[in-house]
There are 2 protein chains.
Amino acid sequence: MSTTARRPRSDGLRNRAALLVAADAVFAADGTGASLSAVAARAGVAIGTLYKHFPTRRNVVGALLADRHDALFATRPDGLADWVRTVASHAATYRGLAEFLASDLAAGGGPDAAGDRLAADCARMAERTDRLVAEARAAGSLAEDVPVEDVVTLMNAAAWVREQEGSVRADRLITAGLAGMRPGAREWNSGDGRTPTRREPRR
Amino acid sequence: MSTTARRPRSDGLRNRAALLVAADAVFAADGTGASLSAVAARAGVAIGTLYKHFPTRRNVVGALLADRHDALFATRPDGLADWVRTVASHAATYRGLAEFLASDLAAGGGPDAAGDRLAADCARMAERTDRLVAEARAAGSLAEDVPVEDVVTLMNAAAWVREQEGSVRADRLITAGLAGMRPGAREWNSGDGRTPTRREPRR
DNA sequence: ACCTGAACACCGTTCAAGT
DNA sequence: ACCTGAACACCGTTCAAGT
């Protein structure tokens, strides 16, 4: 029960910071799956030191994203489309990050939710998405029967597309996806993509 | 210039077949990036034999997909939506395959186009997509100003989503995406996802 | 309290030697 | 013509030993 707050040693702090700087550079070049040995080498510390500070690769990614997430949550998104675009762009910071975040978000916040920065950030992202989806529904720009999951899927998919094919294609996917989620957009057809009729019109 | 057709040795053929069976099982379990040593071991051959038959991992994947592609091209898709769904489903056969195919398709058919089965198949897929996009435009179910690339992006994204989140979410993404590519669907707004007006109506 | 680096298990890829 | 398996370079992860 004694939560004795031990103050960290100064070399520990220095090494931690150096590791994050190195990880950012290495991940930017080689993606989220890049060599951790290379990260440690670049930071000028032994591999054991990296594992001491960050027991899992997930911890490295989480720590690396912390600052970016602060910035992300500090902005007031101008509607759902803006939020989707911003998150998709963020989730494509490193190659492989989209997959990383998608699985983390799906797991509802990763393995150990307590004290886990990445898990907490994912939860916050989910909350904000919920809110903006509700707003968009109220504003009539999102159909009532489109679940939040569909929007989250679009965000993840767009992030992956951004990694693979660049921001232009990702933006266009978002535009089309959201347009297709507007009230009435999925009324006629959507089955075979041929005959533009057949379902009874709404109201 | 002498294209002397040498007939392959029988043990060579047997090993090749065994390698493909093993690769299918291992890839199904661990994805496209799975251990090739494990594949060779499961096939009961030495690692060198694997590399003799398939110099690169891409060749393994290509050979593995050959039969599936024959089946894919044998079917007559019932419109663009059907084709997009079919391809997305196919491209999610193994984990990691979506990324594999996306980059191959983007490269216009991979490194060595001549005699490369995977490259040829990708080219065929591109052709068929072109044709169905043209048909959909003519039928009025796809807006004239939607480039084929947008449809291909949707196919790739849906395949990735299928790997990550399952077929339900992938299908819904396709439905929304295609609905958003219908004539007129992107007319009003699509900027901030808030005010449903502002652009001049069509015609 | 933190750091080091050897140690172990694994994988990709090549290539000399075999049959 | 094809197969084998040792060899090399690399990586993830742990842990005893240091300071």
Taken to the nearest whole Å, CG/A/N59 to C1'/D/dT13 is 14 Å
Should the pair A/F27 and A/Y94 be assigned to parallel (<30°), tilted (30 to 60°) or perpendicular (>60°) ring geometry? perpendicular
Test item: B/R172 and A/T153 side chains (from C-beta on) under 4.5 Å apart, heavy atoms: no
Rounded to whole Å, please give me the gap between CZ in B/R9 and P in C/dT19. 13 Å
Given atom CG of B/L50 and atom P of C/dT14, what is their separation to the nearest angstrom? 12 Å
Sub-3.5 Å donor-acceptor pair from the side chain of A/R95 to the main-chain atoms of A/G33, do we have one? no
My validator wants the stems of DNA chain D: runs of 3 or more consecutive Watson-Crick or G-U pairs, both distances under 3.5 Å, written as range with range. C:4-8 with D:12-16, C:12-16 with D:4-8
Whole Å only: how far is the CG atom of B/D30 from the C1' atom of C/dC10? 14 Å
Does OP1 or OP2 of D/dG12 have a side-chain N or O of A/S35 closer than 4.0 Å? yes
Could you check how far CG of B/N15 sits from P of D/dC2, rounded to whole Å? 10 Å
Mind checking A/A34 for me? I need base, sugar-phosphate or nothing, with any heavy atom below 4.0 Å counting as a touch. sugar-phosphate
Which of A/T129, A/I174, A/L101 passes side chain to side chain contact (heavy atoms under 4.5 Å, CB included) with A/M155? Answer is A/T129
Between C1' on D/dC3 and CZ on B/R16, what's the gap in Å once rounded to a whole number? 17 Å
Send over the distance from A/K52 NZ to C/dC2 P, rounded to a whole Å. 5 Å
Quick test of your reading of the model: are B/R128 and B/D121 salt-bridged, counting only N-O distances below 4.0 Å? no
Any donor-acceptor pair under 3.5 Å linking the side-chain atoms of A/T56 with those of A/N59? yes
Taking the side chain as everything from C-beta on, heavy atoms only, tell me whether B/L97 gets closer than 4.5 Å to B/L65. yes
Below 4.0 Å: OP1/OP2 of D/dG12 and any side-chain N or O of A/S37: yes
Salt bridge flag under 4.0 Å for residues B/E135 and B/R131: yes
Over how many whole Å does the gap from A/Y51 atom OH to C/dC2 atom C1' extend? 18 Å
Taking N or O atoms only and anything under 3.5 Å, show me the protein contacts with nucleotides 5-7 of chain C, one pair per line.
from: C/dG5; atom 1: O6; to: A/G48; atom 2: N; distance (Å): 3.4

With respect to the side chain of A/L36, which nucleotide from D/dT13, C/dC3, D/dC2 is positioned closest? D/dT13
Short side-chain N/O contact from A/H53 to OP1 or OP2 of C/dC3, under 4.0 Å: yes
Do the side chain of A/R182 and the main chain of B/G180 share a donor and acceptor less than 3.5 angstrom apart? no
